[in-house]
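Every chain is numbered from 1, with letters handed out A, B, ... down the list of sequences.
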Protein chains: 2
Amino acid sequence: MSSVALGQGPAGARDPLSLVFAALADPTRRAMLTRLRRGPATVAEIGEPFDMTGPAVSKHLRVLERAGLVSRGRVAQSRPATLQAEPMRQVAEWAEEFREFWEKRYDRLDDYLSTMADDPEDRA
Amino acid sequence: MSSVALGQGPAGARDPLSLVFAALADPTRRAMLTRLRRGPATVAEIGEPFDMTGPAVSKHLRVLERAGLVSRGRVAQSRPATLQAEPMRQVAEWAEEFREFWEKRYDRLDDYLSTMADDPEDRA
DNA sequence: CAGTTATCTAACCAACTGGTTTCCAATAGG
DNA sequence: CCTATTGGAAACCAGTTGGTTAGATAACTG
């Protein structure tokens with residue numbers, strides 16, 4: 001190799017779906033989203049159930065925001081967060097492509113081969 | 001504080017669902033899973049589409065394995081990976097709980113106000 | 001203007017991630 | 001036994017994550 005071994009794979013610049021999955025890969029953030037199903041809430045309200053400082057809550061909300069899962073508003077001093085479920089639909093849609101595999105029994109290899117017909121590429 | 005701020009929140013010891021979401025938060029790994037819908041494959045086969053060394057592929061497979069998304073076997077020197085879609089079902093199930101929110105229209109501010117308006121101050 | 005409330009920014013830290021290169025273990029075959 | 005093939009393990013590096021504390025910003029209140 002002519003070049004030195006340099007930083008190749010930072011996890012930073014991810015595609016949209018990866019951002020959503022990464023945002024969901026934290027129980028605190030998932031709980032926050034569940035909380036937001038009851039309606040918009042302020043940072044203090046969202047963070048209340050967790051033993052966590054304000055900035056920590058704020059950071060989690062930012063991750064959710066960058067993933068498109070919440071939007072922020074402004075009401076007086078508060079910046080209420082509102083659930084945006086569209087990315088969740090994409091998650092469900094992507095997972096659904098594997099439905100046949102969790103519904104089927106794989107005792108037989110025959111089944112497995114017969115169901116494999118065609119499918120476009122992964123679109124990340 | 002008298003004590004130093006140590007070991008607060010490593011991302012390591014996560015719950016099962018978080019492990020699954022984290023595993024899916026990488027386009028390479030999602031592509032690997034898509035590849036495995038066509039049937040079990042060896043490490044070399046799985047890594048072939050990616051410009052990546054063997055150990056890197058191996059690491060990705062390990063992440064998928066820890067998340068329960070693939071199982072490994074042994075055939076001669078090869079250790080074929082097989083898709084296990086059960087965790088995917090849980091992902092779909094979790095996301096589905098938000099269905100009403102991505103089906104609903106939220107153009108109305110009424111919903112938003114109805115949850116916040118404990119004391120309807122007029123502010124305009 | 002000063003103070004309170006609500007939230008964010010900045011700087012810092014330890015642990016994890018995702019890649020690399022190098023080396024090791026197990027299996028098939030002459 | 002020796003060798004080639006297939007894959008994993010160890011050590012390393014740069015960048016991200018998730019938390020902290022301390023200070024800044026914005027809007028309401030007096």
Inset, instruction - Before accepting this row, confirm whether a basic side-chain N of the pair Arg62(A)/Glu65(A) lies closer than 4.0 Å to the acidic partner's carboxylate O. - result: no

Legend entry - Presence of salt bridge, Glu103(A) and Arg89(B), under 4.0 angstrom: no

Would you mind reading off the distance between [X] atom [atom1] and [N] atom [atom2], rounded to a whole angstrom?
| X | N | atom1 | atom2 | result |
| --- | --- | --- | --- | --- |
| Arg62(B) | dG8(D) | CZ | C1' | 8 Å |
| Arg14(B) | dA15(C) | CZ | P | 15 Å |
| Phe21(B) | dT17(D) | CZ | P | 17 Å |
| Arg29(A) | dT17(D) | CZ | C1' | 8 Å |
| Asp26(A) | dC16(C) | CG | C1' | 13 Å |
| Lys59(B) | dT17(C) | NZ | C1' | 8 Å |
| Arg74(B) | dA26(C) | CZ | P | 9 Å |
| Leu61(B) | dT6(D) | CG | P | 16 Å |

Legend entry - Exercise: identify the closest heavy-atom pair between Ala81(A) and Leu36(A): O-CD2, 3.4 Å

Inset, instruction - Work out which heavy atom in Arg29(B) is nearest to a heavy atom in Ala22(B); give both atom names and the distance. - result: NH2-O, 3.2 Å

Protein and nucleotides 4-7 of chain C: nitrogen or oxygen contacts under 3.5 angstrom:
residue: dT7(C); atom: OP1; partner: Val43(A); partner atom: N; Å: 3.1
residue: dT7(C); atom: OP2; partner: Ala44(A); partner atom: N; Å: 3.1

Every protein N/O within reach of nucleotides 23-25 of chain D N/O, cut-off under 3.5 Å:
none

Inset, instruction - Could you check if a side-chain atom of Trp94(B) sits within less than 4.5 angstrom of a side-chain atom of Val91(A), using non-hydrogen atoms only? - result: no

Legend entry - Test item: Arg79(A) and Val75(A) side chains (from C-beta on) under 4.5 Å apart, heavy atoms: no

With a cut-off of 3.5 Å and sequence neighbours excluded, list every side-chain donor-acceptor pair involving residues 41-50 of chain B.
residue: Thr42(B); atom: OG1; partner: Glu45(B); partner atom: N; Å: 3.2
residue: Glu45(B); atom: OE1; partner: Thr42(B); partner atom: N; Å: 2.9

Inset, instruction - Tell me which nucleotide among dG19(C), dT20(D), dA27(D) gets nearest to the side chain of Met52(A). - result: dT20(D)

Legend entry - Distance-only polar pair, side chains of Ser18(B) and Arg30(A), donor-acceptor under 3.5 Å: yes

Legend entry - Joint cluster assignment, Val63(A) & Leu17(B), ILVMFWY side-chain distance < 4.5 Å: no

